[in-house]
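Reading through the structure tokens given below for one structure.
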Amino acid sequence: MDYLVVLPAQLEQHLRSLRKSRGLTQAQLAQLLGVVQSRVADIEANPGAVSVEQLLQILGVLNAQVLIRDTGLEPDVKVARRGSVPARIKRDPPQGQW
């Protein structure tokens, strides 16, 4: 199932849900990543602070991917400058596990 992520804060729920759906604790995921459990907790609590490289590593371990899809829409310059969410994009992340 695919979920649109517009804001880094939305990753919190998605990363935690994906980890749990794989039956992994934070400690188990940390061991697979070669980091300490507190680092996984930090990433889940503040996913906006994780590097793209680290995010891709986590997703790889969890058998998930990042998909970049060209929507064909013109960039909204005002939105890009402010960092806010365009009105045409749903602001709430999906509920439940994926």
Side-chain angles (χ1 to χ4, degrees):
M1 190 172 287
D2 297 337
Y3 294 101
L4 178 64
V5 175
V6 180
L7 301 172
Q10 292 173 306
L11 285 173
E12 179 180 345
Q13 178 184 354
H14 295 306
L15 290 175
R16 184 174 290 118
S17 178
L18 186 58
R19 173 182 54 79
K20 288 180 177 184
S21 74
R22 301 295 190 258
L24 295 171
T25 64
Q26 287 182 345
Q28 291 168 324
L29 178 57
Q31 185 176 15
L32 292 170
L33 293 168
V35 299
V36 295
Q37 177 273 330
S38 61
R39 178 64 183 138
V40 172
D42 290 343
I43 291 168
E44 287 184 356
N46 186 13
V50 68
S51 72
V52 173
E53 182 177 351
Q54 291 171 328
L55 178 61
L56 292 174
Q57 183 183 16
I58 292 166
L59 293 174
V61 168
L62 295 173
N63 295 315
Q65 301 174 324
V66 172
L67 172 68
I68 298 174
R69 179 175 293 140
D70 184 354
T71 62
L73 299 174
E74 292 294 321
D76 187 336
V77 176
K78 290 183 278 186
V79 169
R81 281 193 209 128
R82 288 190 318 251
S84 61
V85 180
R88 67 182 175 275
I89 297 176
K90 184 177 179 184
R91 295 173 186 267
D92 297 324
Q95 300 298 311
Q97 293 191 6
W98 27 292

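Bear in mind that the values here come from a model prediction, so they are computed numbers and not experimental data.
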**Request:** Grab the two heavy atoms, one from P47 and one from P8, that are nearest each other, plus how far apart they are.
**Result:** CG-O, 3.3 Å
**Request:** Grab the two heavy atoms, one from L67 and one from R69, that are nearest each other, plus how far apart they are.
**Result:** CD2-NH2, 3.1 Å
**Asked** Among R22, R39, R19, which residue meets the side chain to side chain contact (heavy atoms under 4.5 Å, CB included) test with L29?
**Response** R19
**Request:** Examine V52 and V61 and state if one hydrophobic cluster contains both, with Ile, Leu, Val, Met, Phe, Trp and Tyr joined whenever side-chain heavy atoms are less than 4.5 Å apart.
**Result:** yes
**Within residues 5-18 or reaching into it, pairs that qualify as salt bridge (Lys or Arg N to Asp or Glu O under 4.0 Å) - sequence neighbours excluded** = E12-R16, R16-E44
[X]: partners by side chain to side chain contact (heavy atoms under 4.5 Å, CB included), with sequence neighbours left out:
{"X": "L55", "result": "L11, L15, V50, L59"}
{"X": "Q57", "result": "L33"}
{"X": "A41", "result": "Q26, Q37"}
{"X": "S38", "result": "V36"}

**Prompt:** Is there a side-chain contact between L32 and L24 (heavy atoms, below 4.5 Å)?
**Reply:** yes
**Asked** Are the side chains of L18 and I58 in touch, meaning some heavy atoms are under 4.5 Å apart?
**Response** no
**side chain to side chain contact (heavy atoms under 4.5 Å, CB included) between S51 and Q54, worked out** = CA-CA 5 Å; S51 72; Q54 291 171 328; 3.2 Å; yes
**Prompt:** Taking only residues two or more places apart in sequence, or in another chain, which ones meet Q31 in a side-chain hydrogen bond (donor to acceptor under 3.5 Å, both in side chains)?
**Reply:** none
**Request:** Measure from the side-chain N and O atoms of Q13 to the backbone N and O of Q10, and report whether any donor-acceptor pair falls under 3.5 Å.
**Result:** no
